[in-house]
Amino acid sequence: MSDLIALNHLPTPPSEGWSREEFECQLRSLEGLYHIHHPFHVRMNSGGCSRQEVQGWVANRYYYQINIPLKDANVIANTPDIAVRQQWLQRLLDHDGRPGAEGGIEAWITLGEAVGLTREEVVSEQHVLPGVRFAVDAYVNFARNSCWQEAVCSSLTELFAPTIHQKRLDSWPVVYPWIDAQGYGYFQKRLSEARRDVEHGLAVTLAYFDTAERQQRAMTIVKFKLDILWSLLDAMTMAYEYERAPYHSC
């Protein structure tokens with residue numbers, strides 16, 4: 001048993017809890033578990049993925065994209081605070097868009113077309129792996145069944161998102177010249193949106209999780225979300241790198 005990896009070891013706050021500044025530092029320290037460090041993602045950003053693997057990643061992440069507004073709608077539904085609802089509504093509009101203005105979901109479909117998928121392939125979800133679907137659904141269910149402050153906390157992997165978007169914008173045009181440049185609109189758009197979203201989500205989290213017990217809970221919640229994102233890439237690794245897609249042995 002001593003050879004097992006401790007998967008859930010997180011820093012423990014002192015009995016009086018961390019200060020707001022230290023609590024934020026502890027949250028940011030979880031960046032080391034962000035999926036940008038997953039071997040599949042490292043390989044993809046360095047140009048080591050095949051066209052099929054890039055297409056598979058885009059097709060599967062589409063399922064995550066279309067469920068983000070459902071997660072956000074649950075935050076809105078669960079909070080009695082009108083100011084929070086008004087501010088969080090912007091996230092729905094960012095992803096769903098509005099008449100005359102496309103949102104992030106439409107931009108992701110454009111990315112799918114840019115990597116060689118058809119619109120029908122992307123929106124049909126025909127390439128979505130069961131492991132990806134299961135993990136994303138778990139995230140939406142968490143937001144649906146938790147208090148709104150915990151659902152907000154689960155979004156704080158956005159702390160690390162601007163870095164990942166910028167790295168894709170910097171490396172993909174070089175290592176994947178076959179991708180149509182129009183597909184990069186989603187990443188460009190999220191650079192500013194993610195930073196704005198972090199400010200609100202972090203403010204809510206630092207204010208609500210103000211005891212040692214709550215701060216430990218917050219760390220566990222962010223770790224749960226990091227696990228979700230890592231699991232998506234685990235499923236894609238099995239399917240596209242090791243060629244062990246679901247039911248491969250049947």
Side-chain angles (χ1 to χ4, degrees), residues 6-35 61 63-96 104 131-162 164 190 193-232:
L7 297 177
N8 294 303
H9 180 69
L10 292 169
T12 302
S15 58
E16 68 276 13
W18 289 308
S19 67
R20 287 173 67 103
E21 293 75 17
E22 179 60 21
F23 182 29
E24 180 177 344
C25 287
Q26 292 293 342
L27 290 168
R28 291 185 182 276
S29 74
L30 296 177
E31 189 276 341
L33 304 179
Y34 195 44
H35 66 132
R61 284 282 298 196
Y63 189 69
Y64 177 76
Q65 300 302 326
I66 62 174
N67 276 279
I68 291 300
L70 302 185
K71 178 269 296 183
D72 290 330
N74 280 298
V75 172
I76 293 171
N78 288 338
T79 178
D81 191 324
I82 187 171
V84 172
R85 293 199 302 267
Q86 289 172 337
Q87 192 162 8
W88 211 263
L89 180 62
Q90 183 60 50
R91 294 178 180 238
L92 285 177
L93 298 176
D94 288 344
H95 278 81
D96 285 345
V132 168
R133 192 179 298 275
F134 184 85
V136 172
D137 289 351
Y139 180 38
V140 175
N141 287 330
F142 175 83
R144 179 180 295 120
N145 298 318
S146 301
C147 69
W148 70 270
Q149 294 95 334
E150 290 196 349
V152 167
C153 180
S154 71
S155 72
L156 281 183
T157 51
E158 293 167 337
L159 285 166
F160 323 121
I164 204 170
R190 286 302 296 165
E193 290 177 352
R195 292 188 180 97
R196 180 207 63 211
D197 291 346
V198 163
E199 290 181 10
H200 183 215
L202 189 59
V204 169
T205 298
L206 295 177
Y208 177 76
F209 295 88
D210 58 355
T211 66
E213 182 180 6
R214 285 187 175 182
Q215 289 171 348
Q216 190 70 59
R217 174 64 176 162
M219 296 289 284
T220 301
I221 290 170
V222 176
K223 172 65 163 52
F224 162 74
K225 175 61 182 308
L226 291 164
D227 290 346
I228 294 290
L229 297 173
W230 197 275
S231 295
L232 304 186

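Atom set for the values below is all heavy atoms of this structure, side chains included, hydrogens, waters and symmetry mates excluded. Please read all numbers here as calculations on a predicted model, not as lab measurements.
Once rounded to the nearest 0.5 Å, the distance linking CZ of Arg85 with CG of Leu92 reads 13.0 Å. Gln149 contributes atom CD, which lies 10.0 Å from atom CD1 of Ile221 (distance to the nearest 0.5 angstrom). Taking CZ from Arg195 and CG from Leu159, the interatomic distance works out to 12.5 Å, rounded to the nearest 0.5 Å. For the atom pair His35 NE2 and Thr157 OG1, the distance stands at 7.0 Å (nearest 0.5 Å). Interatomic distance, Leu232 CG to Arg61 CZ, rounded to the nearest 0.5 Å: 6.5 Å. In this structure, the separation between CG on Asp96 and CD1 on Ile66 is 10.5 Å, given to the nearest 0.5 Å.
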Set out, in order, the CA-CA distance, both residues' side-chain angles and the distance that settles side-chain contact (heavy atoms from CB on, under 4.5 Å) for Phe160 and Leu226, then state yes or no.
CA-CA 11 Å; Phe160 323 121; Leu226 291 164; 4.3 Å; yes
Leu10 vs Lys223, side-chain contact (heavy atoms from CB on, under 4.5 Å): CA-CA, chis, key distance, verdict:
CA-CA 9 Å; Leu10 292 169; Lys223 172 65 163 52; 4.1 Å; yes
Trace of the side-chain contact (heavy atoms from CB on, under 4.5 Å) decision for Asp72 with Asp94
CA-CA 11 Å; Asp72 290 330; Asp94 288 344; over 6 Å; no
Start with the C-alpha distance between Glu193 and Gln90, add both sets of side-chain angles, then the distance that settles side-chain contact (heavy atoms from CB on, under 4.5 Å), and finish with yes or no.
CA-CA 10 Å; Glu193 290 177 352; Gln90 183 60 50; over 6 Å; no
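Side-chain contact between Tyr64 and Val132 is absent, with no heavy atoms from C-beta onward closer than 4.5 Å. Between Leu30 and Lys225, every side-chain heavy-atom pair lies at or beyond the 4.5 Å cut-off. Within the 4.5 Å cutoff, the side chain of Cys147 has no heavy atoms near those of the Asn78 side chain. Proximity of Pro11 to Trp18: side-chain heavy atoms (C-beta onward) are separated by under 4.5 Å at one or more points. Within the 4.5 Å cutoff, side-chain heavy atoms of Lys71 are placed close to those of Ser155. At least one side-chain heavy atom of Leu206 sits under 4.5 Å from a side-chain heavy atom of Phe23. Within the 4.5 Å cutoff, the side chain of Gln26 has heavy atoms near those of the Glu22 side chain. For the pair Asn67/His95, no side-chain contact is recorded, criterion being any heavy-atom separation below 4.5 Å from C-beta on.
Sorted by first then second residue, the side-chain hydrogen bond (donor to acceptor under 3.5 Å, both in side chains) pairs that include residues 199-219, not counting sequence neighbours, are Gln87-His200, Glu150-Arg217. Residue pairs meeting the ring-ring contact (aromatic ring centres under 6.0 Å, His included) criterion with at least one partner in residues 138-158, sequence neighbours excluded, are Phe142-Phe224.
The shortest non-hydrogen separation linking Pro13 to Ala212 is CG-O, 3.3 Å. Taking all atoms of both residues into account, the shortest heavy-atom contact from Ala138 to Ile228 is CB-CD1, 4.2 Å.
Taking 4.0 Å as the cut-off between side-chain N and carboxylate O, Arg190 and Asp197 count as a salt-bridged pair.
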